[in-house]
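Scroll down for the structure; my scribbles are underneath it.
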2 protein chains.
Amino acid sequence: MSANGAGTADHGSRGRIDKRRAIVDAAFTVFARAGYEQASVQDIADEAGVAKPTVYNHFPDKDAVLTAAVTAAARTLLAENLAVVEQLRETDAPLEPALRAVATGLQQVCGSPRAHALRRITYSQLNRQPELIDIVQARTWGRVAQALADRLACLSLAGRLRPLEPAQAAEQLLALLSAPIENRSRLGSRPVPAGESAAIVDAAVDTFLRAYHHVELTSADELAAPLRTTAAALADRRRPEGVQA
Amino acid sequence: MSANGAGTADHGSRGRIDKRRAIVDAAFTVFARAGYEQASVQDIADEAGVAKPTVYNHFPDKDAVLTAAVTAAARTLLAENLAVVEQLRETDAPLEPALRAVATGLQQVCGSPRAHALRRITYSQLNRQPELIDIVQARTWGRVAQALADRLACLSLAGRLRPLEPAQAAEQLLALLSAPIENRSRLGSRPVPAGESAAIVDAAVDTFLRAYHHVELTSADELAAPLRTTAAALADRRRPEGVQA
DNA sequence: CTTATACTGCACTCACGGGTCCAGATTGAT
DNA sequence: ATCAATCTGGACCCGTGAGTGCAGTATAAG
C-alpha cells in the first residue's frame, strides 16, 4: 500500500520514489490549473521536472496519474479536516467559541484552492472515472461528516446540545459552511474577502446553535427515544475512528 | 436577448430557428452525458438530427454552442425555481407547510438531472470559459436566493419570522437543501431515494424554523417527531466499513 | 569499478476531432 | 415556376496530444 494510491499494482514499485511523488504533486497542480483534458502529460512532466517517459514508467496511462493525484490530494485534505474537527474533543471549553473555531477551520480548508480544485476535477471527471467520486467522497465529505457527527453526538450526550441526529446535524453544519462559500467564490474561481468568510462562519454557527442549542423546556421522557438513537449511533461509529494498520 | 443566448451576434439570425433549437437542446444533452471535451460536434449534430456543417452555420465554434446550451438550461432552471419560490407569496397560509412545500420544490429542481448536469458542466469549464460561471450563477443561485430573500423579508416584516438578514437566511436555507442532496447523490451521479430527499427537506425546514421562527415553538412533541422520522429514513445510511489504503 | 536499473531527450506513430469546402437536395417565399 | 437561402452527406486539412522506442547518461548497490 504505502504511497501507492492509484490502482497501479503493476507500476506501484517501479522507479524512484521521489520522482513519483514529484509527478503526483505536479499532476494535481497542472490538472487544477488547466483541467484534465487540457493538461497534457508533457505539461505534467515539465512541472515535475521529469521526462515524459518517466511518467509512463510510473503510471500506465494518464488516467492513473489523475487517480493518484486526486487520491493524494483527498488524503491531505482529509487529514486537515479531521485535525480541525478533533479540536471539538475538549468538551470543557465554552461551546460557542469552540464551535466557531472549528467552523472557521473547516471553512478555511473547504475554501482552500486545493479543495476547490479537487471539487472541480471530481465534477469534470464524473462521466469518465466514476470511481473518483467515491474516493473523494469517502475521504472528504463522508469521513469529515462522520467525525463531526461523533463530536456532536458527544456534545449532545453531555447535555451541551439538544438531542439530535448526529449525522444529520453534522451534514447541516457542513452545508451551512461550505455551500455559501462555494457560491460566493464563484465555484472557487475568485477569492472571498476575509470579512465575508467570517460573516458566513458567524451566521452558520449562529443558525446552528439556534437550532441545536440545548433547550431546558423539554421533559426528560420525551427526549428518551432520540437520546437512545444518538447513543446507538455513537457506539456504532466509535470504532473505525482509529487509523488502520 | 430573445433566443440568442450566446455571444453570437453574427450567427444569431442565421439559419432556421427550429434547427437552432434542436442543436441547443441536443448540445446540452450530449454535453451532460459526455462532458465538453468528450462530446464531439458530430455527436451533437447526430443527436439533433442535423448535419455537422449546419451546426457551424448557426454557431461560430464549439464554445458558442456550449454557451448557448448552458444559457438556455440555466434560463429554464431559473424559471422553475422562481415559480416555486413565488408560492411563498400567499402569506396567509400556515408558515411551516408552505415552507416545506417550497423547500420540496426547490430541492426537486436543484436535484434534477438537468441541474446536476449544469453544475457539472460549469465546474468543468471554469478555466476555459469563466464567463459561463457568471451566466449560471446569475440565473441560478444568485437570482433564486434573491427571490427567496424577498419572500423571507416579507415574512419577517409580517411577524411570522424573527427579524433577520434576508439574503443570509435565504442563502442558508438553500444551503441546507442543496448541499446534502449534492453529497448524497454523489455529485449527481446516482439518484437519491425519495425517502432520503424528504428527510433532508424535513430536516432543513426544521432547522431553519428553529433558527428563524419568531417566538414560541415547541413542545417536546415537536422536537421529537422530526427526529424519529429522519432517524427512520437514515437507518440505512452507509456503514463506516473499514477505510482502504 | 562494475552492473543493473532508472532517467533523459528526441523523434515517431497514430487516432481523434475541430473546422472547412463543395456539389447536390430541400425548402420557403414571391 | 423560380430563386435564394439553407440543409445534407461526405471528403478533406490540420493541429494536438497520448503513448512508444531507442540510444545515451546518471545513479545506487555490491
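Keep in mind the model is a prediction, meaning the values are calculated, not measured.
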Can you see whether Glu37(B) engages Gln38(A) through a side-chain donor-acceptor pair at a distance of less than 3.5 angstrom? yes

Is there a donor-acceptor pair closer than 3.5 Å between any side-chain N or O of Arg120(A) and the backbone N or O of Ala32(A)? yes

From the candidates dT6(D), dT20(D), dT8(D), the one with an atom nearest any side-chain atom of Pro53(A) is dT20(D)

Checking dT8(C), dA6(C), dG18(C) against the side chain of Asn57(A) (C-beta onward), the nearest is dA6(C)

Separation of dT8(D) atom C1' from Tyr56(B) atom OH, nearest Å, is 16 Å

Quiz question: by atom type and distance under 3.5 Å, do the side chains of Asp43(B) and Ser40(B) form a donor-acceptor pair?
yes

Rounded to whole Å, CD1 of Ile44(A) lies from C1' of dG17(D) at a distance of 12 Å

Touch check for Ser40(A), heavy atoms < 4.0 angstrom, all strands: base, sugar-phosphate only, or nothing? sugar-phosphate

From CG of Asp46(A) across to C1' of dG17(D) the rounded distance in Å is 13 Å

Report which part of the nucleic acid Ala39(B) touches: base, sugar-phosphate, or nothing (heavy-atom distance under 4.0 Å, all strands). sugar-phosphate

- Item | Asp150(B) and Gln146(B) side chains, donor-acceptor separation under 3.5 Å | no

Lys52(A) atom NZ is separated from dT13(C) atom C1', nearest whole Å, by 11 Å

Here the distance between atom P of dA28(D) and atom CD1 of Ile17(A), to the nearest Å, is 15 Å

From CD of Gln38(B) across to P of dC16(C) the rounded distance in Å is 12 Å

Can a side chain N or O of His58(A) be found less than 4.0 Å away from OP1 or OP2 on dA6(C)?
no

Hydrogens and angles aside, do Tyr36(A) and Asp63(A) bring a side-chain donor and acceptor to less than 3.5 Å of each other?
yes

Against the side chain of Arg16(B), the closest entry in dC7(C), dT27(C), dT8(D) is dT27(C)

Nearest-nucleotide check on DNA chain D, Asp61(A) vs Ala51(B); residue mapping nearer the 5' end is Ala51(B)

In whole angstroms, the gap separating P of dT20(D) from NZ of Lys62(A) amounts to 14 Å

Rounded to whole Å, the CG-C1' distance (Leu66(A) to dA18(D)) equals 15 Å

